[in-house]
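These notes are about the structure you will find just below.
Numbers for residues simply follow the sequence, beginning at 1.
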Amino acid sequence: MKKENKVNDSKVSKINVLSLLGAEDVDRILDILKKYKEGKASLEKRIVENEQWFKLRHWDAKGKGDGEQYASAWLFNSIANKHADAMDNFPEVCCLPREQSDKKAARILSQILPVIFERNGFEKIYSDAWWYKLKAGTAVYGAFWNPLKSNGLGDIEIKQVDLLNLFWEPGIKDIQKSKNIFHVELVDNDTLVSLYPSLSGRLGASGIEISKYVFDDSVDTSQKTAVIDRYYKVIRDGRELVHYCKICNGELLYASENDPEYAERGFYDHGRYPFVFDTLFVEEGTPCGFGYIDIMKDAQFQIDVLNNALTRNAALATTPRYFINSSGAVNEEEFADWSNNFVHVSGSNLGEDSIREIRVSGLPQVYMAILNSKIDELKETSGNRDFSQGGVSSGVTAASAIAALQEAGSKLTRDMVKGGYRAFSELNSLAVELIRQFYDEPRFFRILSENGGEEFISYDNHSIRVKPQQELFGVELASRKPIFDIKVSAQKASPFSKISQNELALQLYNNGIFNPEMRSQALAAVSMMDFEGKDAVIARISEGVTAV
């Protein structure tokens with residue numbers, strides 16, 4: 001027992017020798033945050049403006065001009081179709097081992113990772129992130145360890161992060177190269193006081209203003225205070241560590257460098273920031289990109305200008321107006337009342353100059369052609385052409401031709417979705433590392449067995465921990481860390497993809513692929529083919545070979 005206390009005392013003394021964050025460091029940290037915030041001011045302005053475009057409120061930003069202005073939904077329709085494409089290709093994950101001895105661990109991880117993400121409501125997170133990505137150009141996911149989840153046992157927490165609340169070093173492209181990352185969020189004062197009683201009576205303006213969207217509701221933030229989470233990297237003994245501290249109203253609430261448990265190892269063992277950026281269209285010198293609204297809003301604005309002009313012209317042309325001579329003899333009130341069958345005229349002379357209709361000239365067809373060309377421009381630049389939505393172009397009626405056009409047009413969707421898969425793969429990689437670090441106690445999961453039934457398993461991180469490989473006189477000379485490759489594929493979410501996959505299975509069966517007598521030819525044929533689930537088909541055919 002004395003020996004253990006001695007070790008703990010030495011740990012604390014070593015922490016003090018390294019560095020301890022204190023109150024004197026808070027001002028320096030806040031100055032860094034303010035510089036980072038200034039560096040992304042134009043990005044925040046663009047994100048807020050794009051949200052107005054998405055809500056068809058862009059006339060508020062542009063200025064309404066003369067009369068009421070109307071907005072058409074061509075841009076919104078394109079965004080909605082892109083989002084539908086993303087949700088039709090909802091991802092699923094598979095862990096692949098790099099060593100033979102890790103096959104069982106990889107198989108179990110492939111089963112429990114979807115359960116962990118489902119418990120976090122990832123389908124909604126994924127949907128919200130795609131809306132954000134299409135509008136702002138970049139979605140951000142966060143993979144954190146929440147010690148309060150699972151009744152205090154702790155568990156992984158997956159979130160979508162608003163870019164308005166996130167700040168990084170200006171000029172870097174890889175978010176992992178930033179010296180610091182700040183996440184700022186407004187939290188209710190009552191909640192803060194319940195978690196940190198020392199803040200009682202000390203909450204107020206924090207000096208950090210977060211950009212806000214233009215809300216329809218009246219949002220009161222007077223009883224909220226900004227809480228700053230800072231993640232930063234330091235070098236210790238040749239290793240790059242990620243540390244974490246929490247600041248509120250100028251007071252340091254927590255610092256992992258001051259915590260004996262994390263001071264030497266870092267807050268997260270994986271040594272990475274817990275944020276994953278999913279970028280749509282890449283920009284240089286920034287981890288963020290631009291989205292479809294940025295490339296469509298000029299065409300949408302021109303469409304709305306022409307639409308409003310044509311609509312006003314049609315309204316004027318269909319609403320009769322008249323010149324009336326002030327010295328004329330027509331009773332104007334009776335003339336304006338179309339339910340009145342008789343209009344009285346004073347005197348005996350009703351000339352043509354007494355009243356004359358104001359004629360409005362119709363706009364030439366060239367303006368309608370310009371409007372249609374602008375609509376086509378928006379469709380082309382967004383890749384949202386008619387056949388992509390199931391519509392039929394003129395002259396194309398054959399089902400095979402329509403399918404071919406849809407397949408050719410879906411290459412933009414496939415490219416867009418693959419970018420999301422890369423981010424999803426990185427997010428799962430972070431989740432695996434959190435399991436490796438924190439799953440010391442077993443958790444219970446309900447999974448689907450190979451035959452489709454339910455199976456209940458208990459899992460901890462024993463099988464994926466860093467394992468000592470060689471010891472000499474009780475000293476560890478080498479260690480091995482199980483590494484897994486993350487493979488992401490699309491769930492068969494859309495009816496079309498399910499039907500095509502089922503038809504392929506029937507075709508393989510009807511052609512005798514699964515006939516044991518044709519196994520050699522079947523393996524040769526399938527090995528030259530390319531389709532989803534090819535490895536499983538080869539494995540099934542190979543099982544037949546082994547069985548025989």
Side-chain angles (χ1 to χ4, degrees), residues 79 81-98 106-107 109-118 120-143 156 158-161 163 173-176 270 272-283 287-292 382-383 388 406-407 409-435 483-494 496-498 500-501 530-536:
I79 297 293
N81 274 278
K82 298 295 181 187
H83 183 268
D85 289 338
M87 297 308 294
D88 267 353
N89 293 275
F90 190 80
E92 61 181 4
V93 67
C94 177
C95 288
L96 303 176
R98 292 189 182 179
R107 179 176 59 81
L109 282 174
S110 299
Q111 293 173 319
I112 68 170
L113 279 173
V115 178
I116 293 173
F117 276 66
E118 184 179 352
N120 280 277
F122 185 72
E123 184 175 350
K124 183 179 185 305
I125 294 173
Y126 187 76
S127 173
D128 293 345
W130 264 101
W131 283 120
Y132 200 100
K133 177 181 176 179
L134 293 166
K135 293 184 291 185
T138 306
V140 181
Y141 299 96
I156 297 170
I158 309 295
K159 289 183 177 181
Q160 186 227 339
V161 181
L163 278 172
K173 186 172 182 179
D174 183 0
I175 196 63
Q176 298 297 332
H270 53 61
R272 290 180 281 172
Y273 292 130
F275 301 102
V276 177
F277 279 59
D278 184 7
T279 303
L280 189 56
F281 299 120
V282 178
E283 291 185 60
C288 296
F290 58 95
Y292 274 104
S382 65
S388 299
Q406 289 177 334
E407 182 64 21
S410 65
K411 62 185 179 183
L412 289 175
T413 297
R414 293 194 297 269
D415 181 61
M416 176 185 70
V417 169
K418 282 181 180 178
Y421 285 178
R422 289 191 290 270
F424 183 69
S425 175
E426 188 177 348
L427 189 63
N428 277 272
S429 178
L430 290 176
V432 170
E433 295 302 322
L434 292 175
I435 291 172
I483 303 296
F484 305 95
D485 295 320
I486 305 296
K487 181 181 178 182
V488 179
S489 58
Q491 288 185 6
K492 302 301 178 291
S494 70
F496 179 78
S497 61
K498 292 179 181 178
S500 62
Q501 191 78 357
D530 185 16
F531 56 88
E532 189 71 30
K534 173 182 171 180
D535 294 339

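The backbone N or O of Val488 lies less than 3.5 Å from no partner atom in the side chain of Ser425, so there is not a single donor-acceptor pair. Proximity of a side-chain donor or acceptor of Asp174 to a complementary backbone N or O of Gln176 within less than 3.5 Å is detected.
With rounding to the nearest 0.5 Å, the separation of CG in Asn81 from OG in Ser382 is 9.0 Å. Note that OG of Ser110 and CZ of Phe484 are 9.0 Å apart. Values are rounded to the nearest 0.5 Å. Taken from OG1 in Thr413 to NZ in Lys418, the straight-line distance is 12.0 Å, to the nearest 0.5 Å. One finds the CG atom of Asp485 at 4.0 Å from the CZ atom of Arg98 (value rounded to the nearest 0.5 Å).
Minimum interatomic distance between Ala431 and Leu113 (heavy atoms only, all atoms of both residues): CB-CD2, 3.9 Å. Nearest approach of Met416 to Leu280, heavy atoms of both residues: CG-CD1, 3.7 Å. Contact between Ala143 and Leu427 at its shortest, heavy atoms only, is CB-CD1, 3.9 Å. In this structure, Val417 and Asp85 approach most closely via the heavy-atom pair CG2-O, 4.4 Å. For the pair Leu109 and Cys95, the tightest heavy-atom approach, listed with the atom from each and the gap, is CB-SG, 3.9 Å. Among all heavy-atom pairs drawn from Tyr421 and Ala490, the shortest one is OH-CB, 3.0 Å.
Contacts of Phe290 classified as ring-ring contact (aromatic ring centres under 6.0 Å, His included), with partners at least two apart in sequence or in another chain: Phe281.
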CA sep, side-chain torsions, deciding dist, call: Ile112, Ile435, side chain to side chain contact (heavy atoms under 4.5 Å, CB included): CA-CA 10 Å; Ile112 68 170; Ile435 291 172; 4.3 Å; yes
Check against side chain to side chain contact (heavy atoms under 4.5 Å, CB included), Ile125 and Phe117: CA-CA 10 Å; Ile125 294 173; Phe117 276 66; over 6 Å; no
After noting the C-alpha distance and the side-chain angles of Lys173 and Val282, does the key distance pass the side chain to side chain contact (heavy atoms under 4.5 Å, CB included) rule? CA-CA 10 Å; Lys173 186 172 182 179; Val282 178; 3.6 Å; yes
Could you walk me through whether Tyr141 and Phe275 pass ring pair (Phe, Tyr, Trp, His ring centres under 6.0 Å), step by step? CA-CA 6 Å; Tyr141 299 96; Phe275 301 102; over 10 Å; no
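For Asp128 and Lys124, the salt-bridge test passes: some basic side-chain N is under 4.0 Å from an acidic carboxylate O.
In this structure, Gln160 and Val140 have side chains that are not in contact, with every pair of non-hydrogen atoms separated by 4.5 Å or more. Looking at His270 and Ser429, their side chains never come closer than 4.5 Å, going by heavy atoms from C-beta outward. In this structure, Met87 and Ser127 have side chains that are in contact, with non-hydrogen atoms separated by less than 4.5 Å. Contact annotation: the side chain of Tyr292 never approaches that of Lys135 to less than 4.5 Å [non-hydrogen atoms, C-beta and beyond]. The side-chain heavy atoms of Cys288 and Glu283, taken from C-beta on, include no pair separated by under 4.5 Å. For the pair Ile486/Glu426, no side-chain contact is recorded, criterion being any heavy-atom separation below 4.5 Å from C-beta on. Considering only heavy atoms from C-beta on, Tyr132 stays 4.5 Å or farther from Thr138 through its side chain. Within the 4.5 Å cutoff, side-chain heavy atoms of Leu430 are placed close to those of Arg272.
Using a 30° and 60° split on the angle between ring planes, Trp130 and Tyr126 fall in the perpendicular class, above 60°.
Of the residues listed (Leu96, Val93, Asn428), the one engaging Lys487 in a side chain to side chain contact (heavy atoms under 4.5 Å, CB included) is Leu96, and it is the only one.
Glu123 CD: 12 or fewer foreign heavy atoms inside a 6.0 Å radius.
Phe90 has its ring centre no less than 6.0 Å from the ring centre of Phe424.
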